Amino acid sequence: MRALRAGDFEVDAGPTVFTMHWVFDGLFADSGESFDDAVTLESAEVLARHAWAEGGRLDLFADSEASIAAIDEFAGAKEALAYRRFVERSAQVYATLERPFIRSERPRSTLDLVSRVGLTGVPALARTQPMVSLWNALGEHFRDPRLRQLFARYSTYVGASPLKAPATLMLIAHVEQSGVWLVKGGMRELARQMQGLAERRGAQFRFGAHVDQIVVSGGAVRGVRLEGGETLDADAVIFNGDSAALAGGLLGDGVMSAAAPTPRAQRSLSAVTWCLAAKPDGFPLQHHNVFFSRDYPAEFKQVFEARTVSAAPTVYLCAQGRSAKINGPQPQGSEPMLLLINAPADGDRGWPRGGAGEPSLEALQERTIGMLEACGLTLSADSFSTGQRTTPSDFAECFPGNGGALYGRANHGPFAIFERPSARMDVPGLYLAGGSAHPGAGVPMATLSGRIAAARLLADRQSQRKGQAAITLARGAAPQAPGSRVRGH
């Protein structure tokens, strides 16, 4: 989570969607505090506003019945019924996977996942359709190509193409339908409050302390060495960067084997973003807005296969001042905005370079403006000149090792969930959390990954202590209760 200055505003330049409120309720409650006391939230009545260049505008609402009515008016009664069934289906997929997958450590294999759901849960697990692409599954639900496109966008929440992502990702529709909230002070306020919670529990933060390597000795983690030579001793390290940084040797040779490298073709999406102070005209913005390209499959083939951006890319626009409760009256002049288009994760190759077959940054900006105008939105002429732009190359520099991929490894294919690294790494004492780890990318998922890593670390430590105690008892001939046995390890 980060913010960039644009005109008079600080604009959220990282994640902008807040869901799964219960993750943070639990985090704060387990630490003896109340999340609602720390962070002011507003429930979004309109989840997002969607528009198409060829015509049409559709809002999805927190109230599913309101969404059904809107789809009925937008695309007809059959599509409204299809949406009702889709909502039910996405809820079933989520319910099947919440306990054995989302809240738990990564399954070791398909058989492990099956064992977690039990024999009675196997039919429900099969109905999550891991062998079918999200794009094809949505084609079974919706005949209107605009609705298929709208719900296919959920694959981008984990940096994937809907053409290759499993239909299982339809569970994201249920997550959003369960609630989207706006955060007073922006998403960065959430990070500040989590930092404060940790500090009140004794955690210490050191910012701007570049880690040169994770120290390994005797086959196990012994601490971290900072740039300049200072060493911080530790018998456990949780790394929350991209796992590709470990595999690439950026944290030292001792932990390179802990994670598998991510091939360039398997990287998730990157992006080009603009943080702006802009005055909009011609289109009634909501907090979350999506302006869709005409050919969604072609757009993702361009990004993942041709490694470029289509001539008319889909644009996400977050109008961060559009909330009366937490931001006051609707802005009358310029207001803070984040604009985003999908791009290939080739930041370590200097993308975009504007060479043969590659668009220049100016061309990408013109394509973005053109897409907005095709949907009826015009931004003030000086908006881009006073804003800040971030490219895949910039993301690669901000988050080393991943080439600018914002979501770790792309969630492509039926077995992608088993390719994401788990919390415990191959090097004893090393653990992984963050968007590149299980259970996946996104604000609540990354938070859950941290909880899973902490739980695994504590369980390992408890197990080690029990083992040491058993050895001591076995060797010291300690008194035993009648009928008890001491097992040495």
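Note that the coordinates shown come from a computational prediction; the quantities given were computed from them, not determined experimentally. Only heavy atoms go into these numbers, but all of them, side chains included; no hydrogens, no water, no symmetry mates.
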Of all heavy-atom pairs between Arg116 and Ser104, which one has the smallest distance, and what is that distance? NH1-CB, 3.6 Å
Can a donor-acceptor pair be found between the side chains of Tyr157 and Glu176 at a distance below 3.5 Å? yes
Charged N to carboxylate O below 4.0 Å: is that the case for Arg267 and Asp348? yes
Does a donor on one side chain sit under 3.5 Å from an acceptor on the other, for Ser293 and Thr314? yes
Is atom CZ of Arg264 surrounded by more than 12 heavy atoms (other residues, nucleotides or ligands) closer than 6.0 Å? yes
Contacts satisfying salt bridge (charged side-chain N to carboxylate O under 4.0 Å, His left out) that involve residues 89-105 (not counting sequence neighbours) are Glu98-Arg103, Glu105-Arg456
For Trp274, give me all partners under ring pair (Phe, Tyr, Trp, His ring centres under 6.0 Å), at least two apart in sequence or on another chain. Phe384
Within the 3.5 Å criterion, strictly below it, is a donor on Thr16 or Gln320 matched to an acceptor on the partner's side chain? no
Could you pull out all residues at least two apart from Glu65 that satisfy side chain to side chain donor-acceptor pair (under 3.5 Å)? Arg84
Between His288 and Tyr316, is there a side-chain donor-acceptor contact under 3.5 Å, judged purely by atom types and distance? yes
Below 4.0 angstrom, N of the basic side chain to O of the carboxylate: do Glu88 and Arg85 qualify? no
Please find the pair of heavy atoms, one from Phe418 and one from Pro107, that lie closest to each other, and give the distance. CD2-O, 3.5 Å
Show, in sequence, the C-alpha distance, side-chain angles and deciding distance for His412 and Phe304, and conclude whether the ring-ring contact (aromatic ring centres under 6.0 Å, His included) test is met. CA-CA 11 Å; His412 289 164; Phe304 282 101; 5.0 Å; yes
For the pair Phe24 and Phe18, evaluate ring-ring contact (aromatic ring centres under 6.0 Å, His included) and give the outcome as yes or no after the intermediate values. CA-CA 11 Å; Phe24 300 90; Phe18 183 82; 5.1 Å; yes
Show the numbers, then the answer: is there a ring-ring contact (aromatic ring centres under 6.0 Å, His included) between Phe142 and Tyr83? CA-CA 8 Å; Phe142 301 106; Tyr83 174 72; 7.0 Å; no
Who passes ring pair (Phe, Tyr, Trp, His ring centres under 6.0 Å) against His438, sequence neighbours left out? Phe101
Under a plain distance cut-off of 3.5 Å, with no hydrogens placed, do Asp382 and Ser385 share a side-chain donor-acceptor pair? no
Say whether Ser380 and Ser383, considering side chains only, have a donor N or O and an acceptor N or O under 3.5 Å apart. yes
Shortest non-hydrogen contact from Gly403 toward Ala396: C-CB, 3.7 Å
Could I get the full list of ring pair (Phe, Tyr, Trp, His ring centres under 6.0 Å) partners for Phe300, not counting sequence neighbours? Tyr296
Can you confirm whether Asn402 sits close enough to Thr262 that some side-chain heavy atom of one is under 4.5 Å from a side-chain heavy atom of the other? no
For His21, which residues count as a side chain to side chain donor-acceptor pair (under 3.5 Å) partner, sequence neighbours excluded? Asp25, Asp36
With a 4.0 Å cut-off, would you call Arg294 and Glu299 a salt bridge? no
For the student: nearest non-hydrogen atoms of Pro400 and Ala245, plus distance: O-CB, 3.6 Å
Assess, by modelled atom type and distance only, whether the side chains of Thr390 and Arg2 contain a donor and an acceptor separated by less than 3.5 Å. yes
Does the distance from a Lys or Arg side-chain N to an Asp or Glu carboxylate O, for Arg146 and Glu54, drop under 4.0 Å? no
If you look at every heavy atom in Val303 and Pro344, which pair is closest and at what distance? O-CB, 3.6 Å
Hydrogens and angles aside, do Ser109 and Asp112 bring a side-chain donor and acceptor to less than 3.5 Å of each other? no
Trp135 and Phe151 aromatic centres sub-6.0 Å: no
